[in-house]
Peer 1: 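Quick one: structure below, then a few questions.
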Amino acid sequence: TSVEITASTLGFVFPVYSFGVPRMVKEFVESAGSIRADRVFAIATCGGGPGGTLAQLSGLLAAKGARLDAAVAVTYPGNCIPLYQAPPAETCASMIARAERAIDGFMAEVKAGRPVPPGLLSRIGAVLFRPLHGGFLRTVRKSGRLFHAGDSCTRCGICMRVCPAGNIAAGPDGKPVWGDRCEACLACLNLCPVEAIQSGWLTRGRRRYRHPAVEVAEIAAQRCQKL
């Protein structure tokens, strides 16, 4: 059932997935009947480049009658461990501090009511990366087939609690089992306290990443619910 979203100020804060908007965010916007807000802003975090993420979100919002007034992409430490290991702790701390200064500056612009449009590069990126992002959206829910928990798994259940899609359940032996609703957020892999969870075989031994100020309970409390 679609809902009408009305707000004086509406904000979207999400990570970049394959140079575009995460499937969950895309489906959330598309499921709304309409969006009415005096001002809409977005912060997209990324480990590399944002591609066409902000322009893509702008288009999704426009289809619902809303305008993206201010948007920024901010670089944080990357957590896509199947592709690369996370930076060392000191590098992460430096990147986080720089990113949070950028966000503070951006939010000052938002509060002042000044426009910060996505820009030409984002519009170009939306075109260039459309095939890559489209392929990601079509296949992402199958990503769960790549995950498994090794013998060091303590059956603590953290992976099940933090999965935003509710895609992980306890198997007959208590170890996690992944279903077919994976969003490839990698929360399960990065937050496992004993690094028992792997995606394929490339992640074994690679350094994980989690924001040092964010607790597992906070992430678990933000599990998305369908409209």
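From a predicted model like this one, the values you see are computed outputs, not experimental measurements. Computation of the quantities below employed the complete heavy-atom set of this structure, encompassing side-chain atoms and omitting hydrogens, waters and symmetry-equivalent molecules. One-based numbering along the sequence shown.
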Peer 1: Under the side-chain contact (heavy atoms from CB on, under 4.5 Å) rule, what do Leu60 and Phe28 come out as? Steps first, then yes or no, please.
Peer 2: CA-CA 10 Å; Leu60 292 169; Phe28 172 80; over 6 Å; no

Peer 1: Ile168, Leu189: one ILVMFWY side-chain cluster at the under-4.5 Å cut-off?
Peer 2: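 In one cluster: yes.
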
Peer 1: Could you walk me through whether Asn190 and Ile81 satisfy the side-chain contact (heavy atoms from CB on, under 4.5 Å) test, starting with their C-alpha distance in whole Å, then the side-chain angles of each, then the deciding distance to 0.1 Å, before giving a yes or no?
Peer 2: CA-CA 8 Å; Asn190 281 292; Ile81 312 305; 3.4 Å; yes

Peer 1: Counting only N and O atoms by type, is there a donor-acceptor contact under 3.5 Å from the side chain of Glu90 to the main-chain atoms of Pro87?
Peer 2: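 Judged by distance alone, no pair lies under 3.5 Å.
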
Peer 1: Anything under 3.5 Å between a donor and an acceptor, one on a side chain of residues 149-156, the other on a protein residue two or more places apart or in another chain? List them.
Peer 2:
from	atom 1	to	atom 2	distance (Å)
Arg155	NE	Asp173	O	2.6
Arg155	NH1	Cys153	O	3.3

Peer 1: Tell me if a side-chain donor or acceptor on Asn167 pairs with a main-chain N or O of Gly144 at a distance below 3.5 Å.
Peer 2: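 Pair absent, no side-chain N/O of Asn167 close to backbone of Gly144.
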
Peer 1: With distance as the sole test, does Asp69 use its side chain to make a donor-acceptor pair with the main-chain N or O of Phe41 at under 3.5 Å?
Peer 2: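 It does not hold such a pair.
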
Peer 1: Would you say that Pro82 contacts Leu146 through its side chain, given a criterion of any heavy-atom pair below 4.5 Å between the two side chains?
Peer 2: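 They are not in side-chain contact.
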
Peer 1: I'd like to know if the side chain of Gln56 reaches the main chain of Val21, judged simply by a donor and an acceptor atom lying under 3.5 Å from each other, with no hydrogens or angles considered.
Peer 2: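 Yes, Gln56 side chain to Val21 backbone: donor-acceptor pair under 3.5 Å.
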
Peer 1: Are Pro88 and Arg207 side-chain neighbours, meaning at least one heavy-atom pair lies under 4.5 Å?
Peer 2: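 Pro88 reaches Arg207 side chain to side chain.
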
Peer 1: Check the orientation of Phe136 and Tyr17. Use parallel for under 30°, tilted for 30 to 60°, and perpendicular for over 60°.
Peer 2: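 Taking Tyr17 first and then Phe136, their aromatic rings stand perpendicular (interplane angle over 60°).
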
Peer 1: Are the side chain of Glu4 and the backbone of Ser34 linked by a donor-acceptor contact shorter than 3.5 Å?
Peer 2: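 Looks like yes, one N/O pair under 3.5 Å.
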
Peer 1: Looking only at non-hydrogen atoms, find the nearest pair between Ala217 and Arg161 and report the distance.
Peer 2: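 Closest heavy-atom pair between Ala217 and Arg161: CA-NH2, 4.3 Å.
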
Peer 1: Can you tell me how far apart OG (Ser8) and CG (Asp38) are? Round to the nearest 0.5 Å.
Peer 2: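 Spacing of OG (Ser8) from CG (Asp38) equals 6.0 Å.
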
Peer 1: Looking at NZ of Lys64 and CD of Glu30, how far apart are the two atoms once the value is rounded to the nearest 0.5 Å?
Peer 2: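 Nearest 0.5 Å value for the NZ-CD distance: 7.0 Å.
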
Peer 1: Look at the side-chain heavy atoms of Ile, Leu, Val, Met, Phe, Trp and Tyr, link any pair under 4.5 Å apart, and say whether Met24 and Leu186 land in one connected group.
Peer 2: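 No; Leu186 is not reachable from Met24 via cluster members.
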
Peer 1: Are there over 12 heavy-atom neighbours, none belonging to Leu121, within less than 6.0 Å of that residue's CG?
Peer 2: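 Open.
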
Peer 1: Looking at Tyr209 and Ala86, what are the two nearest heavy atoms and their distance?
Peer 2: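 Result for this residue pair: CB-CB, 3.5 Å.
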
Peer 1: What I want to find out is whether Glu27 reaches Arg181 closely enough, with some N-O distance under 4.0 Å, to be called a salt bridge.
Peer 2: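 No.
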
Peer 1: Pair Glu183, Arg141 - check side-chain contact (heavy atoms from CB on, under 4.5 Å), show working.
Peer 2: CA-CA 6 Å; Glu183 294 291 328; Arg141 287 184 171 165; 4.0 Å; yes

Peer 1: So if you build clusters from Ile, Leu, Val, Met, Phe, Trp, Tyr with side-chain heavy-atom gaps below 4.5 Å, do Ile219 and Ile158 land together?
Peer 2: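 Yes, it is one cluster - the side chains of Ile219 and Ile158 are joined through contacts under 4.5 Å.
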
Peer 1: Applying a strict under-4.5 Å side-chain criterion to I, L, V, M, F, W and Y, I'd like to know whether Ile197 and Val162 cluster together.
Peer 2: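 No, Ile197 and Val162 fall in different hydrophobic clusters.
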
Peer 1: What is the distance from atom CD of Gln198 to atom SG of Cys192, rounded to the nearest 0.5 Å?
Peer 2: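 Interatomic distance, Gln198 CD to Cys192 SG, rounded to 0.5 Å: 8.5 Å.
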
Peer 1: Specify the closest pair of heavy atoms between Tyr84 and Asn79, including all atoms of both residues, with the distance to one decimal.
Peer 2: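 Heavy atoms only, the tightest pair is OH-N, 4.0 Å.
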
Peer 1: With heavy-atom distances below 4.5 Å as the criterion, would you say the side chains of Arg208 and Gln85 are in contact?
Peer 2: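 No, too far: nothing below the 4.5 Å cut-off.
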
Peer 1: Are Phe14 and Ile43 in one and the same hydrophobic cluster, where Ile, Leu, Val, Met, Phe, Trp and Tyr link if side-chain heavy atoms are under 4.5 Å apart?
Peer 2: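 Different hydrophobic clusters.
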
Peer 1: Does Arg130 reach the main-chain N or O of Gly134 with its side chain, forming a donor-acceptor pair under 3.5 Å?
Peer 2: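 Flag not set: sc Arg130 to bb Gly134 has no pair under 3.5 Å.
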
Peer 1: When you measure from the side chain of Ser122 to the backbone N and O of Ala55, does any donor-acceptor pair fall under 3.5 Å?
Peer 2: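 Yes, because the side chain of Ser122 sits within donor-acceptor range (under 3.5 Å) of the backbone of Ala55.
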
Peer 1: Is there a side-chain contact between Pro176 and Met160 in this structure, where contact means two heavy atoms from C-beta onward sitting under 4.5 Å apart?
Peer 2: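 Side chain of Pro176 against side chain of Met160, heavy atoms only: contact under 4.5 Å found.
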
Peer 1: Do Arg23 and Lys26 have side chains that approach each other closer than 4.5 Å (heavy atoms only, starting at C-beta)?
Peer 2: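 With C-beta onward as the side chain, the pair stays apart.
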
Peer 1: Testing the basics here: between Gly47 and Thr75, what is the closest heavy-atom pair and its distance to 0.1 Å?
Peer 2: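 Scanning both residues, the minimum pair turns out to be O-CG2, 4.2 Å.
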
Peer 1: List the atom of Leu83, the atom of Arg206, and the distance in Å for their closest heavy-atom pair.
Peer 2: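 Scanning both residues, the minimum pair turns out to be C-NH1, 3.4 Å.
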
Peer 1: Rounded to the nearest 0.5 Å, how far does CE of Met95 lie from CD of Glu100?
Peer 2: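 It comes to 12.0 Å.
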
Peer 1: Minimum heavy-atom separation for Ile103 to Tyr76, with atom names?
Peer 2: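 Closest approach of Ile103 to Tyr76: CD1-OH, 3.4 Å.
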
Peer 1: Please verify the inter-ring angle class for Phe147 with Trp178; under 30° counts as parallel, over 60° as perpendicular, anything in between as tilted.
Peer 2: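 Rings of Phe147 and Trp178: parallel, as their planes differ by under 30°.
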
Peer 1: Find out whether Val29 and Leu61 are in side-chain contact, i.e. whether some heavy atom of one side chain is under 4.5 Å from a heavy atom of the other.
Peer 2: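 Heavy-atom side-chain distance check passes, below 4.5 Å.
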
